[in-house]
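Step one of this worksheet: look at the structure below.
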Amino acid sequence: MKKFWILCLLFSSVATAAPWQVASRLQTFYNGDRPLVSRIYYPTSAQGQPQQVGGRPVFAGTSALPDAPPATGHFPLLIISHGSGGNNSSQAWLASALAQQGMIVIAANHPGSTSGDSIPVKSIELWQQTRDISALIDAMLKDNTWQPRINPQAIGVAGHSKGGYSAISVIGGQVALKDFIAGCQRQPRSPNCLFYAGVNKESLSASAFDANYTDARIRFAIALDPGMVPYLQPASLRKISAPLLIIAAQHFMPGNDPETLGAESLATYSGQQPIKAIVLPGSNHFDFLQLCTPAATEILAEEGEAFICGSAPAERERAHRQAIAAVLAFIQPWLPAPAGNQ
């Protein structure tokens with residue numbers, strides 16, 4: 001672990017080198033009848049004035065060249081899966097940083113679990129989001145623009161919260177519906193259960209909920225303070241198909257609330273693939289979202305959700321920097337060789 005943190009420090013300076021200019025475009029793919037409205041972040045050799053893309057009233061956008069031509073080359077592909085109520089820009093801070101280092105990154109709105117369409121009875125079908133990840137890989141490897149630019153031996157996945165669980169699920173992590181039902185009966189107000197309090201969990205398909213959704217094309221996975229930690233089956237974690245990095249928050253809520261999701265505990269189940277876990281000091285679960293706008297607190301307070309932007313901007317920025325350094329150190333074997341300053 002000490003060696004890993006040394007690598008993180010090294011990559012915190014490498015990340016500032018930014019060998020590639022970042023471009024971004026919107027593209028819609030499908031998982032059956034599920035439209036996956038996606039934002040793609042990618043390296044470009046084009047020159048121009050970057051613009052803010054993906055911004056919302058609550059969350060700041062990120063700087064990119066809109067719709068610029070993708071760079072020529074063979075690049076790693078990363079799928080980012082958002083948490084409940086999130087969207088294809090929720091982890092733009094990470095997507096942009098990785099595109100600067102020569103990765104193609106795609107993040108989709110997951111129907112039933114995205115901003116403006118986050119419905120408990122739909123969101124609880126956790127397997128749908130996991131299947132979306134595989135559908136995005138399928139689509140990118142068939143797309144005439146992206147397929148020639150993707151290194152199929154360097155495909156990864158990352159996710160936050162529910163999306164962090166999805167990132168673990170798609171490399172073989174499994175849960176059991178019976179355990180989830182029992183756990184929510186014991187602790188109905190726990191972070192994993194509260195959103196689904198009004199859902200009849202007994203009506204869910206146990207075969208779909210418990211199934212193995214391993215996608216063997218994925219070479220590495222990153223989970224940012226993932227959900228469903230108590231219900232992941234240890235035996236499945238010992239058999240995951242790719243190395244896994246867990247980046248956990250020190251707190252669930254802003255401040256010194258002792259409650260956490262306990263994600264760092266998953267490292268104890270390393271088996272045929274390594275599971276590394278780090279905890280970001282002083283961070284909370286919502287620090288893995290974009291930076292908040294000046295108007296965010298007032299807007300969120302009207303919905304009783306001011307805690308989403310409860311961190312000071314400097315604290316969230318620090319969490320982002322630390323997470324980016326950890327991710328770059330972890331994925332170093334799959335990164336392309338430095339291309340010089342593009």
- Answer with yes or no whether the side chains of Glu315 and Asn284 bring together a donor and an acceptor at under 3.5 Å.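 Distance-only check fails for Asn284 and Glu315.
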- Using the side-chain contact (heavy atoms from CB on, under 4.5 Å) rule, take Asp287 and Gln322 through it: C-alpha gap first, then chi angles, then the decisive distance, then the call. CA-CA 11 Å; Asp287 283 336; Gln322 292 173 337; over 6 Å; no
Check whether [X] reaches the backbone of [Y] with its side chain - one donor and one acceptor, N or O, closer than 3.5 Å.
{"X": "His74", "Y": "Arg149", "result": "no"}
{"X": "Ser134", "Y": "Arg131", "result": "no"}
{"X": "Ser90", "Y": "Asn87", "result": "yes"}
{"X": "Thr293", "Y": "Pro57", "result": "yes"}
{"X": "Thr28", "Y": "Leu36", "result": "no"}
{"X": "Thr214", "Y": "Ala216", "result": "no"}
{"X": "Thr44", "Y": "Pro69", "result": "yes"}
{"X": "Ser236", "Y": "Gln174", "result": "yes"}
{"X": "Arg25", "Y": "Ala68", "result": "yes"}

- Message: Is it true that, when you exclude Lys201 itself, more than 12 heavy atoms of the residues, nucleotides or ligands shown sit nearer than 6.0 Å to its NZ?
- Response: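 More than 12 within 6.0 Å, yes.
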Which atoms form the tightest heavy-atom contact between [X] and [Y], and what is the distance?
{"X": "Cys309", "Y": "Thr297", "result": "O-OG1, 4.3 Å"}
{"X": "Ile308", "Y": "Cys292", "result": "O-SG, 4.4 Å"}
{"X": "Ser115", "Y": "Gly85", "result": "OG-O, 2.8 Å"}
{"X": "Ser96", "Y": "Val22", "result": "O-CG2, 3.5 Å"}
{"X": "Ser241", "Y": "Asp215", "result": "OG-O, 4.5 Å"}
{"X": "Arg238", "Y": "Tyr269", "result": "CG-O, 3.4 Å"}

Taking [X] as the fixed residue, which of [options] is the one that meets the side-chain contact (heavy atoms from CB on, under 4.5 Å) rule?
{"X": "His285", "options": "Gln250, His160, Glu259", "answer": "His160"}
{"X": "Val53", "options": "Asp67, Thr62, Leu65", "answer": "Thr62"}
{"X": "Gln128", "options": "Lys122, His110, Arg34", "answer": "Arg34"}

- Item | side chain to side chain donor-acceptor pair (under 3.5 Å) assessment of Gln187 paired with Asn192 | CA-CA 9 Å; Gln187 296 180 302; Asn192 288 300; over 6 Å; no
Are side-chain heavy atoms of [X] and [Y] found at a separation under 4.5 Å?
{"X": "Ile133", "Y": "Tyr213", "answer": "no"}
{"X": "Thr72", "Y": "Ser45", "answer": "no"}
{"X": "Gln91", "Y": "Leu289", "answer": "yes"}
{"X": "Phe29", "Y": "Ser38", "answer": "yes"}
{"X": "Leu280", "Y": "Asp225", "answer": "no"}
{"X": "Ile124", "Y": "Phe180", "answer": "yes"}
{"X": "Phe195", "Y": "Ser118", "answer": "yes"}
{"X": "Arg316", "Y": "Phe286", "answer": "yes"}

- Message: Consider side-chain hydrogen bond (donor to acceptor under 3.5 Å, both in side chains). Of Ser81, Ser169, Ser84, which one does Gln129 pass it with?
- Response: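 That would be Ser81.
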Look at the side-chain heavy atoms of Ile, Leu, Val, Met, Phe, Trp and Tyr, link any pair under 4.5 Å apart, and say whether [X] and [Y] land in one connected group.
{"X": "Phe252", "Y": "Val229", "result": "no"}
{"X": "Trp146", "Y": "Val157", "result": "yes"}
{"X": "Ile247", "Y": "Met253", "result": "no"}
{"X": "Trp127", "Y": "Ile137", "result": "yes"}
{"X": "Leu141", "Y": "Ile106", "result": "yes"}

If you measure from [atom1] on [X] to [atom2] on [Y], what distance do you get to the nearest 0.5 Å?
{"X": "Leu266", "Y": "Ile246", "atom1": "CG", "atom2": "CD1", "value": "5.0 Å"}
{"X": "Leu98", "Y": "Leu335", "atom1": "CG", "atom2": "CG", "value": "8.0 Å"}
{"X": "His320", "Y": "Leu94", "atom1": "NE2", "atom2": "CG", "value": "9.0 Å"}
{"X": "Gln147", "Y": "Thr145", "atom1": "CD", "atom2": "OG1", "value": "10.5 Å"}
{"X": "Ile155", "Y": "Met103", "atom1": "CD1", "atom2": "CE", "value": "10.0 Å"}
{"X": "Leu232", "Y": "Ile240", "atom1": "CG", "atom2": "CD1", "value": "10.0 Å"}

- Apply side-chain contact (heavy atoms from CB on, under 4.5 Å) to Ile171 and Gln273, showing your working. CA-CA 10 Å; Ile171 59 168; Gln273 295 288 349; over 6 Å; no
- Message: Please evaluate residues Leu300 and Phe307 with respect to the criterion side-chain contact (heavy atoms from CB on, under 4.5 Å), reporting the C-alpha separation (whole Å), side-chain torsions for both, the decisive distance (0.1 Å), and the verdict.
- Response: CA-CA 8 Å; Leu300 291 169; Phe307 57 84; over 6 Å; no
- Task: Answer yes if the ring centres of Phe75 and Tyr42 are under 6.0 angstrom apart, and no otherwise.
- Result: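 For Phe75 and Tyr42, the ring centres are not under 6.0 Å apart.
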- Stepwise, does the side-chain contact (heavy atoms from CB on, under 4.5 Å) test hold for Trp93 with Leu291? CA-CA 8 Å; Trp93 57 273; Leu291 293 177; over 6 Å; no
